[in-house]
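Remarks on the structure that follows.
Per chain, numbering begins at 1; letters A, B, ... match sequence-line order.
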Protein chains: 2
Amino acid sequence: MIDQYDNERCDSNCPHADAVERVLHHMPPEDELLDLAELFKVFGDTTRMKILYVLFASELCVCDIAEILGMSQSAVSHQLRIIKQAKLIKNRRDGKTVYYSLADDHVKTIIGMAKEHLEE
Amino acid sequence: MIDQYDNERCDSNCPHADAVERVLHHMPPEDELLDLAELFKVFGDTTRMKILYVLFASELCVCDIAEILGMSQSAVSHQLRIIKQAKLIKNRRDGKTVYYSLADDHVKTIIGMAKEHLEE
DNA sequence: CTTTCATATGAGCATCTGTTCATATGTCCA
DNA sequence: TGGACATATGAACAGATGCTCATATGAAAG
């Protein structure tokens with residue numbers, strides 16, 4: 001990238017100009033990185049992590065989740081919307097009740113990998 | 001949990017008291033969930049995601065990373081500290097220069113899983 | 001020892017984020 | 001149709017977060 005930070009960088013003969021060149025030409029497109037960070041952001045909140053975890057066990061309605069987490073219905077609903085936008089959960093309506101469940105197995109897999117990292 | 005939100009919950013004869021009970025007794029300890037969310041938070045920022053990505057390719061020093069990302073040395077250094085605290089990267093010092101690299105393969109695995117999810 | 005360079009860090013600030021509160025939407029039942 | 005209930009949503013506010021700027025630390029060279 002261009003020289004906005006020249007004054008802060010190591011000398012122009014940066015010892016690793018070759019490495020820099022190589023990496024620069026193998027970076028994935030910007031929006032792929034944005035999407036990745038956006039997805040991880042969903043996992044990066046305790047409330048949302050708890051919600052995903054309780055859905056490991058079974059499909060649940062909003063008020064069930066609120067009761068389990070000891071949180072307001074509103075707070076839970078707001079977070080469910082964020083998780084759903086990331087396509088990590090799906091829902092179905094049965095009368096007045098809306099049931100949420102995990103969208104697929106990726107959630108468990110991703111969390112499982114993270115757990116492995118923590119266990120070391 | 002206890003009845004701080006009684007007024008907001010569905011009726012006391014919540015239709016899924018059994019499911020609530022079951023889930024409540026199979027929740028992992030609070031701090032495990034906190035740690036998980038904390039770890040994902042590290043992945044949940046574009047700058048940090050970029051840093052991890054450039055380290056996929058090779059070990060790099062701080063000023064290299066700053067140049068690749070077009071960011072200030074300070075900003076990069078602050079983020080490196082956060083990533084290091086999560087034990088996702090390690091560093092070694094060679095004279096004045098500090099080289100950063102991925103700590104292990106979990107980073108790649110976790111990001112790979114997330115990418116799979118996005119590709120659907 | 002002093003200078004120079006690479007990196008680290010603390011304070012301050014602007015932005016983002018998660019919760020609450022009030023209220024809207026949607027469904028069932030009388 | 002009106003009331004009760006489950007859920008969704010917008011506004012507002014408090015706390016968290018990422019950057020910048022200034023400066024500190026640590027290491028090599030003279």
Considering only heavy atoms and no angle criterion, is a donor-acceptor pair shorter than 3.5 Å present between the side chain of [X] and the base of [N]?
{"X": "Ser74(A)", "N": "dC21(C)", "result": "yes"}
{"X": "His78(A)", "N": "dT20(C)", "result": "yes"}
{"X": "Ser72(A)", "N": "dC21(C)", "result": "no"}

For [X] and [N], what is the distance between atoms [atom1] and [atom2] respectively, to the nearest whole Å?
{"X": "Leu69(B)", "N": "dT20(D)", "atom1": "CG", "atom2": "P", "value": "12 Å"}
{"X": "Glu67(B)", "N": "dT7(C)", "atom1": "CD", "atom2": "C1'", "value": "16 Å"}
{"X": "Gln79(A)", "N": "dT20(C)", "atom1": "CD", "atom2": "P", "value": "10 Å"}
{"X": "Ile65(B)", "N": "dC19(D)", "atom1": "CD1", "atom2": "P", "value": "14 Å"}
{"X": "Tyr99(B)", "N": "dT7(C)", "atom1": "OH", "atom2": "C1'", "value": "13 Å"}
{"X": "Ile83(A)", "N": "dG18(C)", "atom1": "CD1", "atom2": "P", "value": "10 Å"}
{"X": "Ile51(B)", "N": "dA8(C)", "atom1": "CD1", "atom2": "C1'", "value": "14 Å"}
{"X": "Leu60(A)", "N": "dA6(D)", "atom1": "CG", "atom2": "P", "value": "15 Å"}

message = On the six-membered ring of Phe56(B), is Lys108(B) placed so that its NZ or CZ lies under 6.0 angstrom from the centre and within 45° of the ring axis?
response = yes
State, yes or no, whether a side-chain contact exists between [X] and [Y] at a heavy-atom distance under 4.5 Å.
{"X": "Val23(B)", "Y": "Ser58(A)", "value": "yes"}
{"X": "Lys41(A)", "Y": "Asp45(B)", "value": "no"}
{"X": "Arg92(B)", "Y": "Glu59(B)", "value": "yes"}

key: Letter per nucleotide, 5' to 3', of nucleotides 25-30 of chain C [B base touched, S only sugar-phosphate touched, - untouched; heavy atoms, 4.0 Å]   = -BBS--
Is any side-chain N or O of [X] closer than 4.0 Å to OP1 or OP2 of [N]?
{"X": "Gln73(A)", "N": "dC5(D)", "answer": "no"}
{"X": "Tyr100(B)", "N": "dA8(C)", "answer": "yes"}
{"X": "Thr47(A)", "N": "dT19(C)", "answer": "yes"}
{"X": "Lys41(A)", "N": "dC16(C)", "answer": "no"}
{"X": "Arg81(A)", "N": "dT7(D)", "answer": "no"}

task = Kindly point out which of dC19(D), dG18(C), dA8(C) is positioned nearest to the side chain of Ile82(A)?
result = dG18(C)
query = Between dA8(D), dG18(C), dC19(D), which nucleotide has the shortest distance from any of its atoms to the side chain of Asn91(A)?
reply = dA8(D)
request  = Using modelled atom types only, decide if a donor and an acceptor are shared between the side chain of His117(B) and the backbone of Met113(B) within a distance under 3.5 Å.
outcome  = no
task = Give a yes or no answer on whether the side chain of Arg48(B) reaches the backbone of Lys50(B) with a donor-acceptor pair at less than 3.5 Å.
result = no
query = NA contact type, Thr97(B), heavy-atom cut-off 4.0 Å: base, sugar-phosphate, or nothing?
reply = sugar-phosphate
task = Decide whether His26(A) and Tyr53(B) meet the rule of one side-chain donor and one side-chain acceptor closer than 3.5 Å.
result = no
inquiry  = What's the separation between atom CG in Leu88(A) and atom CZ in Phe43(A), rounded to the nearest 0.5 Å?
reply    = 4.5 Å
ask   = Which comes earlier along DNA chain C counting from the 5' end, the contact point of Val76(A) or that of Val98(B), where each point is its nearest nucleotide?
value = Val98(B)
